[in-house]
Amino acid sequence: MRESAPGAGGRFRGVPHRIHVPAGARGRFTVLVLTIVAVWSVGGFYLSLGPHLALSLLESTNYLVGGATVALLAGAATVAQLMLGRTEALRTAVLGLAGLLAGLGLVLLALGIGSAAVFLVATAVLGGGWGAAFLGSFRALSALADPAHRGELTAAVYVFAYLAMSVPAVLAGMLTNIHGLHRTSVGFMAAVAGVCALALLATLRLAARTRAEGSTA
């Protein structure tokens with residue numbers, strides 16, 4: 001296929017590019033990347049320890065049950081993204097963060113009462129918030145750079161995303177060996193809920209400022 005990006009040249013060339021956030025966009029980037037961190041912390045936890053948590057709550061040894069939990073999270077995320085695909089980016093991020101907070105609250109409730117049914121509902125709610133929050137924040141972040149430098153900014157987004165997906169999950173796995181899966185899960189979900197609340201407040205302020213700037217333009 002012919003290259004569509006401006007200034008890319010005609011032939012295929014492997015040209016390394018730097019990871020870079022434009023100076024004028026760093027304030028908004030900092031706000032929006034909080035959502036990326038919250039989203040992928042949840043994703044990393046569910047992909048690593050979520051199946052074991054489901055098996056313990058459902059009192060099952062069937063690993064298909066654990067896999068189904070991850071499928072439920074990802075399936076709900078897909079449905080949310082399809083439903084909100086035409087919604088404004090910051091509004092989508094706000095809705096997603098609200099869903100993440102609701103889902104995390106339900107997960108904590110499920111762990112508190114030991115309910116497998118509540119845990120499955122919580123996973124579906126969490127998945128919907130997960131998908132919407134990532135869709136909205138990623139779209140808003142992508143708009144911070146002009147097309148010629150969007151790859152550099154997207155690379156910066158994914159640095160934060162993969163660190164958020166891997167580092168907390170590894171730490172949670174280490175803490176599980178010390179404090180057990182249940183206590184570690186409660187602490188992890190409570191900590192991520194705090195990040196979500198902070199991201200929600202910051203995104204609401206950013207959305208209000210964006211609307212004000214649009215009305216005065």
Apply side-chain contact (heavy atoms from CB on, under 4.5 Å) to residues Val70 and Leu73 and explain how you reach the verdict. CA-CA 5 Å; Val70 175; Leu73 182 83; 5.6 Å; no
Quick one: does any side-chain atom of [X] pair with a main-chain N or O of [Y] as donor and acceptor, under 3.5 Å?
{"X": "Gln81", "Y": "Gly131", "answer": "yes"}
{"X": "His149", "Y": "Pro22", "answer": "no"}
{"X": "Ser60", "Y": "Ser56", "answer": "no"}

Can you measure from [atom1] ([X]) to [atom2] ([Y]) and round to the nearest 0.5 angstrom?
{"X": "Ile36", "Y": "Tyr158", "atom1": "CD1", "atom2": "OH", "answer": "8.0 Å"}
{"X": "Thr35", "Y": "Trp130", "atom1": "OG1", "atom2": "CH2", "answer": "14.5 Å"}
{"X": "Leu34", "Y": "Leu201", "atom1": "CG", "atom2": "CG", "answer": "10.5 Å"}
{"X": "Leu111", "Y": "Thr184", "atom1": "CG", "atom2": "OG1", "answer": "11.0 Å"}
{"X": "Leu58", "Y": "Thr69", "atom1": "CG", "atom2": "OG1", "answer": "6.5 Å"}
{"X": "His179", "Y": "Met174", "atom1": "NE2", "atom2": "CE", "answer": "11.0 Å"}

Can you find a heavy atom in the side chain of [X] that is under 4.5 Å from one in the side chain of [Y]?
{"X": "Phe138", "Y": "Thr154", "result": "yes"}
{"X": "Met189", "Y": "Phe45", "result": "yes"}
{"X": "Leu120", "Y": "Leu57", "result": "no"}
{"X": "Thr210", "Y": "Arg28", "result": "yes"}
{"X": "Leu55", "Y": "Thr61", "result": "no"}
{"X": "Thr123", "Y": "Tyr46", "result": "yes"}
{"X": "Leu90", "Y": "Glu88", "result": "yes"}
{"X": "Leu153", "Y": "His20", "result": "no"}

Shared ILVMFWY cluster between [X] and [Y], side chains joined below 4.5 angstrom?
{"X": "Leu109", "Y": "Val192", "answer": "no"}
{"X": "Phe188", "Y": "Leu101", "answer": "yes"}
{"X": "Leu47", "Y": "Tyr63", "answer": "no"}
{"X": "Val39", "Y": "Leu108", "answer": "yes"}
{"X": "Leu53", "Y": "Val186", "answer": "yes"}

Which atom of [X] lies closest to which atom of [Y], heavy atoms considered:
{"X": "Val21", "Y": "Ala156", "answer": "CG2-CB, 3.8 Å"}
{"X": "Gly128", "Y": "Ala80", "answer": "O-CB, 3.3 Å"}
{"X": "Leu97", "Y": "Ala133", "answer": "N-CB, 4.0 Å"}
{"X": "Leu104", "Y": "Cys196", "answer": "CD1-SG, 3.9 Å"}
{"X": "Val33", "Y": "Thr30", "answer": "CG1-O, 3.5 Å"}
{"X": "Gly44", "Y": "Ala169", "answer": "O-CB, 3.7 Å"}

Using the side-chain contact (heavy atoms from CB on, under 4.5 Å) rule, pick out the option among Thr92, Val94, Leu135 that qualifies with Thr87. Thr92
Assess whether atom CZ of Arg139 is packed by more than 12 heavy atoms of other residues, nucleotides or ligands within 6.0 Å. yes
Please indicate whether Arg205 has more than 12 foreign heavy atoms, meaning atoms of other residues, nucleotides or ligands, lying under 6.0 Å from its CZ. no
What do you reckon, are the aromatic ring centroids of Trp40 and Phe134 less than 6.0 Å apart? yes
Between Leu95 and Leu84, is the side-chain contact (heavy atoms from CB on, under 4.5 Å) condition met? List the steps. CA-CA 10 Å; Leu95 291 172; Leu84 296 171; 4.2 Å; yes
Are Thr176 and Arg183 close enough that a side-chain donor and a side-chain acceptor fall under 3.5 Å? no
